[in-house]
Amino acid sequence: MRILGGQAIQAQRLMEHLSRTPGIEVGFVAHDPKLPGPLSVLQRIRYIRTVVNAVTYVATLLLRVPRYDVVHTFSAAYWSYFLAPMPAIVIGRLFGKGVILNYRSGELEDHLERWGKLAVGTMGLATRIVTPTPYLTGVYARFGLEADVIPNYLDVERLEYRTRENMRPVFLINRLFEPLYNYPCSLEAFRLIQEAVPDASLIIAGYGPLKNDILGWIEEKNLRNVSFRGKVSHNEMMRLYEEADIYLNSPDLDCFPGSILDAFAMGLPVVTTNAGGIRHIVEHDRTGWMVECGDAVGLATGALKLLRNPDRARQLAEAGRAELEKRYVWPAVGPQWEDMYAMVAAR
């Protein structure tokens with residue numbers, strides 16, 4: 001998989017575990033296939049790349065889908081749904097296969113409102129719709145569609161929990177550079193933190209269309225000690241969690257950020273807004289500190305409270321890790337997927 005992001009990471013983990021499960025054969029079809037030789041040149045040309053990828057993807061589905069019993073398609077919103085999950089749903093049903101639409105975007109409500117019958121109708125063709133959070137099942141219900149919840153999970157044995165004995169003012173933000181993640185709110189919160197703790201530092205990792213805007217906001221707010229890492233690999237990201245002592249997160253819209261599970265796993269106390277599905281992951285003042293969307297003052301206040309009370313910060317981090325090990329690991333989530341596949345295949 002060439003795309004860094006939550007969906008790709010979850011798909012990769014799921015394939016690895018299912019491939020080791022007796023009685024299950026797993027295949028994979030990329031919607032952005034890496035083409036060989038001279039054809040790869042076409043993937044460097046805007047618009048032509050989209051056409052070439054789409055044709056190759058659909059042709060591969062037509063060849064591969066007949067071999068399998070269940071089609072499991074991961075989905076984000078808008079055009080990405082149209083280009084990747086929708087063809088998989090239609091082709092899967094065309095061959096009489098069970099189809100799982102695994103929808104993972106906090107933008108679902110706007111997506112369904114904007115795309116109307118095209119989105120609702122094609123999603124309704126899926127045998128089952130699965131989301132990682134009850135937040136999205138409620139949205140689906142308002143549009144007359146039923147969805148099940150199977151949460152994201154981590155392989156915690158690969159991640160080392162670090163107890164922060166003394167809380168250092170080192171913060172991490174690692175969301176995509178997109179408007180819905182509200183970087184101005186996080187940066188304003190950090191500005192307020194830095195007024196109270198002048199040596200506070202901030203690590204920013206990610207990529208996206210707002211890169212230059214974010215660099216401009218950092219300069220505009222006169223923020224110091226900001227380390228801008230840009231696009232990093234998953235392994236490099238894990239090292240950033242180790243490097244920081246508090247995780248800062250301020251989206252206005254969100255589904256199920258795997259970054260919060262990563263923070264739980266590695267001992268970072270979480271300070272976040274309560275956007276979308278986050279309120280189903282974080283319990284305020286037990287597994288993290290949570291405020292209303294857009295509340296930069298609240299984020300700063302929570303962060304400063306944890307800095308000044310290391311014992312409380314450690315309690316939140318320990319509770320987050322315990323919640324992770326209880327609900328968001330393969331022994332808890334894997335059987336839910338196996339049951340779902342069995343049910344969909346039987347239908």
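Salt bridge annotation for Arg321-Glu325: present, with a cationic side-chain nitrogen under 4.0 angstrom from a carboxylate oxygen. Electrostatic pairing of Arg239 and Glu243 does not count as a salt bridge here, judged by no charged N lying under 4.0 Å from a carboxylate O. With respect to Glu283 and Arg327, no salt bridge is recorded, no charged nitrogen being found less than 4.0 Å from a carboxylate O. The pair Arg13-Glu16 does not count as a salt bridge, with every side-chain nitrogen at least 4.0 angstrom from each carboxylate oxygen.
Side chain of Ser233 to main chain of Glu236: a donor-acceptor pair is present (N/O by atom type, distance under 3.5 Å, no hydrogens or angles). Side chain of Asp245 to backbone of Arg168: a donor-acceptor contact under 3.5 angstrom is found. Of the possible polar contacts, one joining the Asn182 side chain to the Cys185 backbone as a donor-acceptor pair under 3.5 Å is found. For the pair Arg175 (side chain) and Asn249 (backbone), a donor-acceptor distance under 3.5 Å is absent. Side chain of Tyr181 to main chain of Asn174: no donor-acceptor pair is present (N/O by atom type, distance under 3.5 Å, no hydrogens or angles). Judged purely by atom type and a 3.5 angstrom limit, Thr127 has no side-chain atom pairing as donor or acceptor with the backbone of Gly98. With hydrogens and angles ignored, the 3.5 Å screen pairs no side-chain donor or acceptor of Thr163 with any backbone N or O of Glu165. Of the possible donor and acceptor atoms, none in the side chain of Glu178 sits under 3.5 Å from a partner among the backbone N and O of Pro209. Under the 3.5 Å distance criterion, the side-chain polar atoms of Arg314 are matched with a main-chain donor or acceptor of Arg164.
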Practice item. In sequence, state the C-alpha distance, the side-chain angles, and the governing distance for Glu323 and Lys326, and then conclude on salt bridge (charged side-chain N to carboxylate O under 4.0 Å, His left out). Key: CA-CA 5 Å; Glu323 187 75 3; Lys326 176 182 177 182; 5.3 Å; no

Point to revise | Verdict with supporting geometry, Thr131 and Cys255, side chain to side chain contact (heavy atoms under 4.5 Å, CB included) | key: CA-CA 9 Å; Thr131 79; Cys255 173; 5.8 Å; no

Exercise for review: Walk me through it: do Tyr341 and Asp69 pass the test side-chain hydrogen bond (donor to acceptor under 3.5 Å, both in side chains)?
Suggested key: CA-CA 9 Å; Tyr341 293 139; Asp69 301 302; over 6 Å; no

Exercise for review: Applying side chain to side chain contact (heavy atoms under 4.5 Å, CB included), run through Tyr68 and Glu25 and close with a yes or a no.
Suggested key: CA-CA 8 Å; Tyr68 293 89; Glu25 178 187 344; 3.6 Å; yes

Check your understanding: So Phe143 and Met123, side chain to side chain contact (heavy atoms under 4.5 Å, CB included) or not? Walk me through it.
Key -> CA-CA 11 Å; Phe143 288 85; Met123 290 182 187; over 6 Å; no

Exercise for review: Starting from the C-alpha separation in whole Å, work towards a yes-or-no answer on side chain to side chain contact (heavy atoms under 4.5 Å, CB included) for Trp330 and Leu14.
Suggested key: CA-CA 9 Å; Trp330 181 249; Leu14 191 57; 3.7 Å; yes

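For the pair Val71 and Ile91, the minimum side-chain heavy-atom distance is 4.5 Å or more. Between Ile173 and Phe190, every side-chain heavy-atom pair lies at or beyond the 4.5 Å cut-off. Between Val270 and Thr287 the shortest side-chain heavy-atom distance does not fall below 4.5 Å. Within the 4.5 Å cutoff, the side chain of Glu188 has heavy atoms near those of the Arg191 side chain. In this structure the side chain of Ser259 never reaches within 4.5 angstrom of the side chain of Met237, judged on heavy atoms. Between Ser186 and Leu202, every side-chain heavy-atom pair lies at or beyond the 4.5 Å cut-off. At least one side-chain heavy atom of Pro257 sits under 4.5 Å from a side-chain heavy atom of Ile281. At least one side-chain heavy atom of Tyr78 sits less than 4.5 Å from a side-chain heavy atom of Asp110.
Taking each heavy atom of Leu316 and Arg286 in turn, the nearest pair found is CD2-O, 3.2 Å. The two residues Leu101 and Ser75 make their nearest non-hydrogen contact at CD1-CB, 3.6 Å. Across all their heavy atoms, Leu261 and Phe256 have their closest contact at CD1-CE2, 3.6 Å. Here the shortest heavy-atom pairing between Thr273 and Leu299 reads N-CD2, 4.1 Å. Across every non-hydrogen atom of Leu112 and Ala119, the tightest pair is CD2-CB, 3.9 Å. Residue Pro33 comes nearest to Thr56 through the heavy atom pair CG-CG2, 3.7 Å, listed as atom of the first residue, atom of the second, then distance.
Remark: Phe264 CZ to Tyr161 OH distance equals 10.5 Å, nearest 0.5 Å. Interatomic distance, CG of Leu125 versus CG of Leu94, reported as 11.0 Å (0.5 Å rounding). For the atom pair CZ of Phe177 and CG of Leu210, the computed distance is 9.0 Å after rounding to the nearest 0.5 Å. With rounding to the nearest 0.5 Å, the separation of CD1 in Ile193 from CD in Glu195 is 10.5 Å. Here the straight-line distance linking atom OG1 of Thr272 with atom CE of Met290 works out to 8.0 Å at 0.5 Å rounding. Met238 contributes atom CE, which lies 6.0 Å from atom CG of Leu159 (distance to the nearest 0.5 angstrom).
Judged by distance alone, the side chains of Tyr81 and Ser105 never bring a donor and an acceptor atom under 3.5 Å apart. Under the 3.5 Å distance criterion, with hydrogens and angles disregarded, a donor-acceptor pair is assigned to the side chains of Arg312 and Gln315. Residues Tyr247 and Asp262 bring no donor and acceptor atom of their side chains to less than 3.5 Å of each other. Inspection of the Arg104 and Asn152 side chains reveals an N or O donor paired with an N or O acceptor under 3.5 Å. A donor-acceptor pair shorter than 3.5 Å cannot be found between the side chains of Asn274 and His284. Looking only at atom types and distance, the side chain of Ser201 has no donor-acceptor partner in the side chain of Asn225 under 3.5 Å away.
By the 30° and 60° cut-offs, the orientation of the rings of Tyr57 relative to His31 is perpendicular. Between Phe74 and His72, the ring planes lie parallel to each other; the angle is under 30°, not in the 30° to 60° tilted range.
Other residues, nucleotides and ligands place no more than 12 heavy atoms under 6.0 Å from the CD atom of Glu219. Within 6.0 Å of CZ in Arg158 there are 12 or fewer heavy atoms belonging to other residues, nucleotides or ligands. In the displayed structure, Glu292 atom CD is contacted under 6.0 Å by at most 12 heavy atoms of other residues, nucleotides or ligands. Within 6.0 Å of CG in Asp311 there are more than 12 heavy atoms belonging to other residues, nucleotides or ligands. No more than 12 heavy atoms of other residues, nucleotides or ligands lie within 6.0 Å of NZ in Lys211, so this atom counts as exposed by the packing criterion.
Looking at Val226, Leu307, Val271 one by one, the single match for side-chain contact (heavy atoms from CB on, under 4.5 Å) with Phe171 turns out to be Leu307.
Under the 4.5 Å side-chain heavy-atom criterion for ILVMFWY residues, no single connected hydrophobic cluster contains both Val70 and Leu63. Clustering ILVMFWY residues whenever any of their side-chain heavy atoms sit less than 4.5 angstrom apart, transitively, puts Leu306 in a cluster other than the one holding Leu192.
Take Glu242 and apply the salt bridge (charged side-chain N to carboxylate O under 4.0 Å, His left out) test, not counting sequence neighbours, and it matches Arg162.
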